[in-house]
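Working notes, beginning with the structure itself.
In what follows, chains are A, B, ... by sequence order, proteins preceding strands, each numbered from 1.
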Protein chains: 2
Amino acid sequence: MGVAPTFAAMITLGIIEDQLAIREALCEYLDAQPEFSCVLCAASHEEFVAGLAGLAVLPTLVLSDIGLPGRSGIEGLALLQQLLPAAEVLMLSVYTDAERVFEALRQGAVGYLEKTTPLPLLKEHLLQVAAGGSPMSPSVARHVTRYFRPQAAAPLAGLTPREQDIVRGIEDGLSYKLIADRLGLSLDTVRSHIRQVYRKLQVNSRTEVIAKSRSRPSLW
Amino acid sequence: MGVAPTFAAMITLGIIEDQLAIREALCEYLDAQPEFSCVLCAASHEEFVAGLAGLAVLPTLVLSDIGLPGRSGIEGLALLQQLLPAAEVLMLSVYTDAERVFEALRQGAVGYLEKTTPLPLLKEHLLQVAAGGSPMSPSVARHVTRYFRPQAAAPLAGLTPREQDIVRGIEDGLSYKLIADRLGLSLDTVRSHIRQVYRKLQVNSRTEVIAKSRSRPSLW
DNA sequence: GGCGGTATCGCATAAAGATGCTATACGCCC
DNA sequence: GGGCGTATAGCATCTTTATGCGATACCGCC
């Protein structure tokens, strides 16, 4: 933070990282940048939270490791957002497995970077966060793009177009009557299609159809 | 494409972009890189598909604009994946609105970049795709991270813990009977809770509860 | 100590859904 | 031409849901 005044455009940083060498490298490098001021560096989530109390200027951007002793970076996300509602949290981790990535995003992380990210690139990413972006390492982003591609293993694959229309109606919460109206069919025709859908999907109620069709990896 | 032999490590590119200046800039710049060989550049999706027939070497990576005359880049994604099952498609667009981003990812795009991406950075991103990554411009990624944060506006917030248990049962496709068994309740108690849930959520069927509870921006 | 909210349970009835069986019509394919 | 799959439709019947109108019990609160 040095002697320079903290002017408005400066981004105040918080860093949570248990490995001493990495923490110091991050702090020193980033604090040396004119755009950043590192206001709090901690070796654990608990330490970080405790340190917040004594700060005159709160961080607006927190860089957090995931594999921490005590409360993990992901577990601490909710608390962090409560204590620093204006701050954004960027995860920095050696782990890039889908579980952790999704859980972090779900808990409100604004981005997710590999720990191997070189410092100058990391700086770029931090600036992007400040500019409204959400930096993700490519391998992290790959999990995300995969998530959005459900039609590959979609259980609705074996259904005819008409049957899929019906299923869409069910997913939208419509009654048989409303589905019939929407598709311009008779009630009994809707019944027929649904019967067929039930046979193909091996179920016997509308809610089961929904449960089957949105078969996401149960990450939630 | 040049005279150099196409060796295994080389990435064969396809480019779909209607604006002549941009298309040429992309082709020329990328083809000049040692890592890439641009095998097909087209001004429209239709032209690209037609051009595939005459190729000796198929592209393994396609860079596609979205705002194209005729078939849009998103509409063409499915066809592209059918014709080039081994290829990955990276979207390049001036539009970064959530609708288009999600639709593209849903249709199987491997990444999504802003058109303003400088060429050297674009090259980096292309290499990342080849390395199994999914590059996304930060503003694009922001849509994605926002998507994964549903608990903020969760409509189930006003429900009591017990009522949420019931809703979970409904979401799992269970009948009243099974929900009662799972929670160790009588059928009538389940009915009572569901009645309450219906009142709070302003609905009147189990499928509507599901439709409300997973209130995603109806992108699917 | 009463009031509001939650959680539990019961009964009754009407509406919606699930299921069995049947039937016509169209398109496709061998 | 006959079989197969799809889309349409009807009817009968039984089950499940949805809804109305109760009840008892516990807990926190002012």
Side-chain angles (χ1 to χ4, degrees), chain A residues 78 82 150-215, chain B residues 78-79 82-83 150-215 218 220:
Chain A
Q82 222 176 340
Q151 85 280 22
L156 307 95
L159 302 184
T160 68
R162 209 40 163 176
E163 286 160 4
Q164 295 189 24
D165 291 341
I166 301 291
V167 170
R168 225 163 293 129
I170 291 177
E171 285 174 339
D172 289 347
L174 305 180
S175 67
Y176 287 13
K177 176 86 181 66
L178 288 176
I179 296 175
D181 288 352
R182 181 152 94 170
L183 301 176
L185 298 175
S186 92
L187 198 72
D188 277 310
T189 301
V190 174
R191 277 199 236 269
S192 287
H193 287 304
I194 288 185
R195 235 186 316 236
Q196 195 63 16
V197 169
Y198 284 2
R199 258 198 291 275
K200 289 186 178 177
L201 262 49
Q202 304 258 327
V203 300
N204 47 312
S205 75
R206 290 161 309 150
T207 46
E208 282 179 278
V209 171
I210 302 179
K212 281 237 169 186
S213 72
R214 77 169 151 105
S215 67
Chain B
L79 178 60
Q82 222 176 338
L83 296 174
Q151 85 279 25
L156 307 96
L159 302 184
T160 68
R162 208 43 163 174
E163 285 160 4
Q164 295 188 25
D165 291 341
I166 302 291
V167 170
R168 223 163 294 129
I170 291 178
E171 284 174 340
D172 289 345
L174 305 180
S175 67
Y176 287 13
K177 175 90 181 64
L178 288 176
I179 296 174
D181 288 352
R182 181 152 95 171
L183 300 176
L185 299 176
S186 92
L187 199 72
D188 277 310
T189 302
V190 174
R191 281 201 174 100
S192 287
H193 287 304
I194 287 185
R195 235 186 317 235
Q196 196 63 14
V197 169
Y198 284 3
R199 259 197 290 276
K200 289 185 178 177
L201 263 49
Q202 305 258 328
V203 300
N204 47 310
S205 76
R206 291 162 308 151
T207 46
E208 283 178 277
V209 171
I210 303 178
K212 279 237 171 185
S213 73
R214 77 168 149 102
S215 69
S218 83
W220 42 42

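Applying the salt bridge (Lys or Arg N to Asp or Glu O under 4.0 Å) test to R195(A) and every residue at least two apart in sequence or in another chain returns nothing. Remark: R168(B) pairs with D165(B) by the salt bridge (Lys or Arg N to Asp or Glu O under 4.0 Å) rule, at least two apart or across chains. Remark: L187(B) pairs with Y176(B), K177(B), R191(B) by the side chain to side chain contact (heavy atoms under 4.5 Å, CB included) rule, at least two apart or across chains. Evaluation of the side chain to side chain donor-acceptor pair (under 3.5 Å) rule for S205(A) yields T207(A), E208(A) as partners, not counting sequence neighbours. Residues satisfying the side chain to side chain donor-acceptor pair (under 3.5 Å) criterion with N204(B), sequence neighbours excluded, are absent altogether.
Judged by distance alone, the side chain of Y198(A) and the main-chain N or O of V209(A) form no donor-acceptor pair under 3.5 Å.
If you take OH of Y198(B) and C1' of dG20(D), they are 15 Å apart, rounded to a whole angstrom. Rounded to whole angstrom, the span from the CD1 atom of I194(B) across to the P atom of dA16(C) amounts to 17 Å. When the C1' atom of dA15(C) is taken as reference, atom CG of L178(A) falls 14 Å away, rounded to whole Å. Following rounding to the nearest Å, L201(A) (CG) and dT19(C) (P) show an atom-to-atom distance of 13 Å. Note: CG (L159(A)) to P (dT6(D)) measures 10 Å, nearest angstrom. Summarising the geometry, the separation between CD1 on I166(A) and P on dA9(D) is reported as 11 Å, rounded to the nearest angstrom. Protein atom CD of Q196(A) is 13 Å distant from nucleotide atom P of dT8(D), rounded to whole Å. Rounded to whole Å, the distance from CG on N204(A) to P on dC14(D) is 18 Å.
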### nucleotides 7-13 of chain C: protein proximity per nucleotide (B base, S sugar-phosphate only, - neither; heavy atom, under 4.0 Å)
SBBBB--
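Nearest-nucleotide positions on DNA chain C place K200(B) closer to the 5' end than the other of K200(B) and T207(A).
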